[in-house]
Number of protein chains: 2
Amino acid sequence: MNARPTITDVARTAGVSVATVSKAINGRDGVSAATHAHVLRVVAELGYESSLVATSMRRGRTNVIGVLVAEFEPFALQLLRGVSTALQDTPYDVLAYAGTVSSGDHLGWERRSLSRLGGTLIDGAILVTPTSTPAQSSVPIVAVDPHTGADGPATVAVHNFDGARAATEHLISLGHRRIGHLRGRTDLESAHQRERGYRAALDAAGIPFDQALVVEGGYRAASATAGSHALLDLDDRPTAVFAANDLSAIEMIGVGTERGLRVPQDLSVVGFDDIPEAASNVPQLTTVRQPLATMGAVAVRILLSMLDGGEPEHIRLPAELITRSSTMPPTR
Amino acid sequence: MNARPTITDVARTAGVSVATVSKAINGRDGVSAATHAHVLRVVAELGYESSLVATSMRRGRTNVIGVLVAEFEPFALQLLRGVSTALQDTPYDVLAYAGTVSSGDHLGWERRSLSRLGGTLIDGAILVTPTSTPAQSSVPIVAVDPHTGADGPATVAVHNFDGARAATEHLISLGHRRIGHLRGRTDLESAHQRERGYRAALDAAGIPFDQALVVEGGYRAASATAGSHALLDLDDRPTAVFAANDLSAIEMIGVGTERGLRVPQDLSVVGFDDIPEAASNVPQLTTVRQPLATMGAVAVRILLSMLDGGEPEHIRLPAELITRSSTMPPTR
DNA sequence: CTGTTAGCGCTTTCAG
DNA sequence: CTGAAAGCGCTAACAG
């Protein structure tokens, strides 16, 4: 638990100045070969590593990319995996940060995290499902599955509308007519597009829209509980539900099962995302796949390009319906 | 892309000194109520957030817990999720860091990351599957699934021996006699214990040990490819394989399938970990579950206690065999 | 080639 | 109650 050695310790041990150590370590010239070797030997001996913090403070660049999330949920985790893989053979390290918003804070977590880390700690940031994208930022940003009306900053997302329509059409093609929708986080663009896709599919099939069938899900298990119950409390309850993401779909199934319904016999459920948990759920979830690893890689590509002076880009990738066991024709 | 406001900007705008702003923000006394309110107003107006880096540099504490990993693979990701959840209602933020080891670096990634971040950025660290645990560290550490012979620092792990024995016994009870083993990362204690558990089960069943049936898997898909082929290249190939973790089990299945074998009809495979991907694999993987979320939570509890002056602890949790569809009696 | 100095943004004595 | 000044570890001028 003794303190880590600092550059000063190295300098003292090596019998040279701090500046010389710095130069030697960073390969700057102006250091004799002998001194250079000697310093490196002492560095190895002491097990010295420069402090990211101090370096960051002084120098602009840190060669660290930040992935800023509100919470480490499966969507963010899978994306992180993609980002990390894409950064494998670059000189960049990955730093993922989940900042808690102090209650009563009107700024979003993304703004706060970005401000705290973006000072100097990270060279660029990937924001995962940000509620708002700070217009002013000291580092380049790429937003993944961004908030409503993303325009300025670079973004990566899937074709949410198409995916949601495909999911709903799947239910309709199975014969469902009374289809509920567990809505997503309404501060995100994706939630709106998925709801629009749902409605478009209903319209195309000539199924009248029923406001009572649309309830809040909020993309999280906890926030989907009430909505799930509400749907099942309806006099004429839906025979199928399109949940705006997998976590709420799984919660929907849990609530249904708890109330004695069998999925898919009594209730079909479709999710969105295709997180690993979707396929491991019982029953396995029919869902709309987002290519999360690819999205992470694309975000990295854009960010690196921006770091290199490139322009922000807006990329939208296709979503694909994956049919598994949580859906079947209605039995009533 | 404009620079973030610094404390100096706030001070200038508010017409007070930097010191006063600092006191006001941190609730130190020695600031009049009026000044305090005024400063906070300016802070809000400018959207100021203190720089983690600068604060960290000056102050000891940052209220940030670091999760240090070599790579964001599923094991680390699930653990991270547990850590993050456990830290939910504490004042701590979570920072996950994947440091790349520069080639030719003899120090492990954990040593490097710890040294770079532990200077001041994080108050404590959770090391995920560290190859070595630095004896000297400036912050408290908890190692999860640690290297061989962990003794000093706090550790969290499962009963690897028991879990591995249960997995192997499961195969034996199905009637398998020729059982291969895809070994784990030999620098980790868990790999050795799992191999010991495998051998103990064979011994207990009176099955002679065959060195040719034990090959390297390294806990990663890429490093398990060669071993998987080696096992199937054997003249008298195994009818079942106990892979030291799920990633290598899934790779084993992939290699087998590619070579025209059906799993489990032609080859039974058991994994270890129960990452979400285990249940979503086709066929669903029989495996030994590690309670990853719990392990993360336990690591957090120990770390917080150490931060509070508590002693390092060594916790070992039970592992549980989960029977799914990748195992069945041998057909030949 | 080497060392001295200033300063990144912030907190903390210590004077006023 | 407020501000000036020092210093955390490091790097980048600039002198010697």
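Here is how names work: the chains are called A, B, and so on, in the same order as the sequence lines, proteins then strands, and each is numbered from 1.
Classification of A/R316 and A/E189 as a salt-bridged pair holds, one side-chain N sitting under 4.0 Å from a carboxylate O. In this structure, B/R112 pairs ionically with A/D93, as a charged nitrogen and a carboxylate oxygen lie closer than 4.0 Å. Classification of A/E49 and A/R4 as a salt-bridged pair fails, no side-chain N sitting under 4.0 Å from a carboxylate O.
A side-chain donor-acceptor contact under 3.5 Å links A/T55 to the backbone of A/S51.
A straight line from CG of B/L52 to C1' of C/dC8 spans 15 Å, rounded to a whole angstrom. In this structure, B/R28 atom CZ and C/dC10 atom C1' are separated by 12 Å, rounded to whole Å. The distance between atom CG of A/L117 and atom C1' of C/dG9, rounded to the nearest whole Å, is 15 Å. Taking atom CZ of residue A/R61 and atom P of nucleotide D/dA12, one finds them 13 Å apart after rounding to whole Å. Residue A/R59 contributes atom CZ, which lies 12 Å from atom P of D/dA13 at whole-angstrom precision. What separates CD1 of A/I7 from C1' of D/dT11 is a distance of 8 Å, to the nearest Å. Note: CG (B/L121) to P (C/dC10) measures 14 Å, nearest angstrom. To the nearest angstrom, P of D/dG9 lies 16 Å from CD of A/E49.
Listed by chain and number, the residues in a salt bridge (charged side-chain N to carboxylate O under 4.0 Å, His left out) with B/R301 are B/E313 (sequence neighbours excluded).
The closest side-chain donor-acceptor pair between B/T155 and B/H314 falls under 3.5 angstrom. Counted by atom type alone, B/T120 and B/R61 present zero donor-acceptor pairs between their side chains at under 3.5 Å. A donor-acceptor pair shorter than 3.5 Å cannot be found between the side chains of A/Y48 and A/T6. For the 3.5 Å distance criterion, the side chains of B/T129 and B/D145 fail to qualify, holding no donor opposite an acceptor.
Here the nucleotide nearest the side chain of B/M57, chosen from C/dC10, C/dC8, D/dC8, is D/dC8. Of the listed nucleotides (C/dT4, C/dC10, D/dG9), C/dC10 has the atom at the smallest distance from the side chain of B/S51. You'll find that the side chain of A/T6 is closest to D/dG9, out of C/dT4, C/dC10, D/dG9. Distance from the side chain of A/R58 is smallest to D/dA12 among C/dG9, D/dA12, D/dA5. Residue B/T20 has its side chain nearest to D/dG3 when only D/dG3, C/dT12, C/dT4 are considered. Here the side chain of B/A19 is nearest to one of D/dG3, D/dC10, C/dT2, namely D/dG3. Candidate nucleotides C/dT11, D/dG9, D/dT2 were compared by shortest atom distance to the side chain of B/V31, and D/dT2 ranks first. Set against C/dT2, D/dA4, D/dT11, the side chain of A/T35 has C/dT2 as its closest nucleotide. Listed nucleotides: D/dT2, C/dG9, D/dC10. Nearest to the side chain of A/R4: D/dC10. Checking C/dC10, D/dT11, C/dG3 against the side-chain heavy atoms of B/S50 singles out C/dC10 as nearest.
Taking five base pairs at each end of the helix from C/dC1-D/dG16 to C/dG16-D/dC1 and finding the rotation axis that steps the C1' atoms of four pairs onto the next four gives two axes whose angle is 50°, to the nearest 10°.
Phosphate contact (OP1/OP2 of C/dT11, side-chain N/O of B/S22, threshold under 4.0 Å): present. Between A/S32 and C/dT2 there is a side-chain N or O to OP1 or OP2 distance below 4.0 Å.
Within the 4.0 angstrom heavy-atom criterion, no nucleotide atom of any strand lies near A/D29. Residue-level contact check: B/V18 touches the bases, meaning some heavy atom is under 4.0 Å from a base atom.
Considering every non-hydrogen atom in both A/L121 and A/V64, the closest pair reads O-CB, 3.9 Å.
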Practice task
Show your reasoning for whether side-chain contact (heavy atoms from CB on, under 4.5 Å) applies to A/V94 and B/F72.
Solution key: CA-CA 9 Å; A/V94 186; B/F72 287 110; 3.9 Å; yes

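Checking B/N26 against A/A33, the closest nucleotide of DNA chain C that is more toward the 5' end is the one next to A/A33.
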Please list, for nucleotides 14-16 of chain D, all pairs of protein and nucleotide N/O atoms separated by less than 3.5 Å.
none

